[in-house]
There are 2 protein chains.
Amino acid sequence: MAQSRIPSEAAGSLANAFKALGDPIRLQLMSMIASAPGGEICVCDLTPAFAISGSTISHHLKVLKESGLVTAERRASWVYYRPQAALMRRLSALLDMPEPD
Amino acid sequence: MAQSRIPSEAAGSLANAFKALGDPIRLQLMSMIASAPGGEICVCDLTPAFAISGSTISHHLKVLKESGLVTAERRASWVYYRPQAALMRRLSALLDMPEPD
DNA sequence: AAACGGATTCGACATCTGTCGAACTTGACG
DNA sequence: CGTCAAGTTCGACAGATGTCGAATCCGTTT
């Protein structure tokens with residue numbers, strides 16, 4: 001963001017990723033997924049960390065998935081979520097401003 | 001985000017900043033403000049870059065201001081916006097994931 | 001003081017969003 | 001096969017959001 005102006009064609013999908021992070025629950029979900037040891041975390045470990053229903057957690061995970069910030073994989077009865085580091089780094093680079101002298 | 005889990009008290013205000021970036025118009029406005037030569041830009045230079053009304057641009061600038069991402073200063077007839085680099089860097093650091101080996 | 005121009009605020013409206021409980025899907029296991 | 005447990009999807013609903021034009025505010029200029 002510091003040097004480069006965002007082209008308007010890219011603004012939509014980038015804004016979509018930021019929008020996905022723009023909810024306190026989703027931001028914490030993303031934080032837990034991104035810091036998961038082994039690079040993945042089970043929904044069954046995410047759900048009990050919040051005071052909202054499982055269906056709402058599932059909805060938020062879907063938003064994160066559709067924004068490209070995470071991927072999901074089912075193994076046996078459980079579903080595991082992983083961060084998509086490349087997109088996260090892209091967003092990070094966008095916000096990286098030069099230090100004040 | 002890589003190493004640290006976001007405390008739930010901080011999640012609200014951080015999510016608010018991400019939410020402010022979660023609209024294509026606002027993301028492009030932020031991009032223009034952050035890359036402005038001289039560290040500031042006049043609303044009169046922002047408005048003509050978009051195909052929406054001036055009142056809507058003003059609304060989006062208000063959202064960015066209330067999220068803490070920009071500040072505004074009036075000089076004579078014009079209002080100038082500046083990026084708040086500290087918050088931008090904070091968000092950037094949050095999304096910075098380690099490179100894959 | 002009156003008129004003008006840049007910018008914000010207001011009121012209205014259609015659409016989107018977060019939440020819930022109920023219903024459904026999918027795999028495991030007796 | 002029948003049941004159970006983990007997740008997702010569905011339908012509904014209150015509240016938030018993006019947009020516009022009209023009204024207003026605040027300096028400048030005549």
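What's counted below: heavy atoms across the whole structure, side chains too, no hydrogens, waters or symmetry copies. The structure displayed is predicted, hence computed values, not measured ones. Chain A is the first sequence line, chain B the second, and so forth, proteins listed ahead of strands; every chain is numbered from 1.
- Within the structure, a side-chain polar atom (N or O) of A:Ser58 is placed less than 4.0 Å from OP1 or OP2 of D:dT8.
- Of the residues in residues 14-29 of chain B, those lying under 4.0 Å from DNA chain D by heavy-atom distance are B:Lys19, B:Asp23, B:Arg26.
- Scanning for salt bridge (Lys or Arg N to Asp or Glu O under 4.0 Å) contacts around B:Glu40 gives B:Arg75, B:Arg82, with sequence neighbours left out.
- DNA chain D lies under 4.0 Å from at least one heavy atom of each of the following residues of residues 75-83 of chain B: B:Ala76, B:Ser77.
- The bend of the helix from C:dA1-D:dT30 to C:dG30-D:dC1, defined by the angle between the axes of its first five and last five pairs, stands at 10° to the nearest 10°.
- Of the residues in residues 38-49 of chain B, B:Cys42, B:Val43, B:Cys44 come within less than 4.0 Å of DNA chain C through at least one heavy atom, sorted by number.
- Under the rule for a side chain to side chain contact (heavy atoms under 4.5 Å, CB included), the partners of B:His59 that lie at least two apart in sequence or sit in another chain are B:Val63.
- Sequence neighbours left out, not one pair with a member in residues 45-60 of chain A passes salt bridge (Lys or Arg N to Asp or Glu O under 4.0 Å).
- Not counting sequence neighbours, the partners of B:Lys65 by the side chain to side chain contact (heavy atoms under 4.5 Å, CB included) test are B:Val70, B:Ala72, B:Tyr81.
- Within the structure, salt bridge (Lys or Arg N to Asp or Glu O under 4.0 Å) contacts touching residues 10-20 of chain B (residues at least two apart or in different chains) do not occur.
- Residues passing the salt bridge (Lys or Arg N to Asp or Glu O under 4.0 Å) test with A:Arg74, sequence neighbours excluded: none.
- A:Ala49 is linked by a side chain to side chain contact (heavy atoms under 4.5 Å, CB included) to A:Met32, counting only residues two or more places apart in sequence or in another chain.
- Taking a heavy-atom distance under 4.0 Å as the criterion, the stretch of DNA chain C touched by chain A extends 5' to 3' from C:dT17 to C:dA28.
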